[in-house]
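Notes to accompany the following structure.
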Amino acid sequence: MSHVMNTYARQPVAFVRGEGVWLWDEAGKKYLDALAGIAVNTLGYGHPRFKKAILDRINSGIIHTSNLWRIPDQEAAADRIAEITGLDEVFFCNSGLEANEAAIKIARKYGHERGVAEPAIIVMEKAFHGRSLATLSATGSRKVQAGFEPLVSGFVRVPLNDLEAVRQVAEHNKNVVAVFVEPIQGEGGINVSRLEYLRGLKEICDRKEWLFMSDEVQCGLGRTGKWFVYQHAGFQPDVVPLAKGLASGVPVGACVVGGRAKGIFKPGNHGSTFGGNPLAMTGVVATIDTIKEEGLLANAAKVGQVIRDGLKSELGAAPKDIRGMGLMIGMELGQSCGELVRQALEAGLVINVTADNVVRLLPPLVMSEAEGRTVVERLAPLVRAFLARSSEATAAAR
Ligand SMILES: Cc1ncc(COP(=O)(O)O)c(C=O)c1O
């Protein structure tokens with residue numbers, strides 16, 4: 001029996017080697033990876049430039065110092081993140097939930113500085129922000145919250161893409177200081193915010209002097225064809241939490257701020273022992289530089305289109321919906337379809353199912369068009385057979 005705590009329903013496969021977008025298991029079987037460790041392995045596996053940077057860092061003898069000292073790699077990583085976000089200050093931590101905790105603390109402190117004693121944050125139904133007490137309280141899923149009450153207070157929940165609901169809250173709740181939105185909901189089923197909606201939200205935030213906080217932990221860092229989803233909408237948020245793909249697999253989180261959130265945190269307000277250490281920061285710099293030099297934003301847009309178009313032409317109207325942006329793709333099947341994960345593994349393809357009935361694809365940004373077509377070739381027959389089986393079962397039950 002394993003001593004690993006039983007918090008995940010794991011598939012009985014272990015990947016032991018990787019190259020590009022390909023993985024090998026212990027038996028030597030080869031798989032095409034359309035998940036990237038859930039949007040983490042931005043540069044795929046064994047990218048030469050990334051590997052060299054990490055090895056050089058290890059060979060220097062220093063992978064950690066402390067935030068008691070200056071960390072030049074941290075300064076370099078923050079400069080790059082400021083450039084690609086258009087924002088001003090970066091707090092480094094180690095995960096998505098930590099980046100979101102920082103965002104929530106910033107919103108509360110912003111509120112207190114404006115004389116709001118009980119600051120509240122507008123959050124969205126079906127959003128996922130993490131599993132710490134504050135972030136699970138902000139998360140719009142009872143499944144994530146159940147058993148962990150009492151929840152952290154100070155969150156007001158509204159449906160995504162419903163501006164009127166936010167206007168109503170704005171009119172009646174004087175405690176609101178921020179809107180926290182996951183502009184493409186990943187765990188919630190690849191639910192895409194309309195760009196008009198995001199612009200409308202931003203307008204309300206500006207009028208009310210609320211913070212606009214965009215959780216881009218999963219959808220950010222180039223996956224949608226631009227660095228960040230808010231850039232598709234054409235404005236600057238005040239707070240942008242990042243993690244997952246930011247260092248291509250080295251654990252890292254970042255809470256990036258600008259606008260009304262700039263200067264809110266001062267010495268002593270927040271901290272993290274490991275946050276921003278030289279190993280993680282080397283990963284950040286190598287990831288961002290490689291995305292730029294290899295044109296991976298344009299690649300994500302192009303290969304994402306190849307996959308979505310391919311699935312549409314192979315499957316027609318059989319799936320309930322095929323949606324997403326760039327290499328963040330959801331195919332809603334309208335029925336529980338978790339079994340497809342195992343069937344895909346058998347067919348040599350790594351995918352995920354989220355929100356019970358949505359096939360989720362989050363491939364490495366280095367995937368080629370040909371590899372994108374291979375994703376479609378391997379996935380479409382499985383989905384076709386799955387939908388045929390379930391419509392036969394429905395007919396037999398009548
Ligand atoms: C949008 C979003 N925010 C936050 C998190 C939490 O990140 P972590 O698991 O690194 O704490 C996730 C993880 O799936 C996420 O998708």
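Quick caveat, the model's predicted, so the values are computed rather than measured. Every number for a ligand or one of its atoms is a count from 1 in the order of the listing.
- Counted by atom type alone, Gln218 and Arg360 present one or more donor-acceptor pairs between their side chains at under 3.5 Å.
- Contact residues for ligand 1 (protein heavy atom closer than 4.0 angstrom to any ligand atom): Ser95, Gly96, Leu97, Asn100, Phe128, His129, Gly130, Glu182, Glu187, Asp215, Val217, Gln218, Lys244.
- Around the NZ atom of Lys29, the shell of radius 6.0 Å holds more than 12 heavy atoms that belong to other residues, nucleotides or ligands.
- Classified by interplanar angle (parallel below 30°, tilted 30° to 60°, perpendicular above 60°), the ring pair Phe265/Phe91 is perpendicular.
- A centroid separation of less than 6.0 Å is found between the aromatic rings of Phe235 and Phe212.
- Counting non-hydrogen atoms of other residues, nucleotides and ligands closer than 6.0 Å to CZ of Phe274 gives a total of 12 or fewer.
- Qualifying side chain to side chain contact (heavy atoms under 4.5 Å, CB included) partners for Val341, counting only residues two or more places apart in sequence or in other chains: Gln11, Val353.
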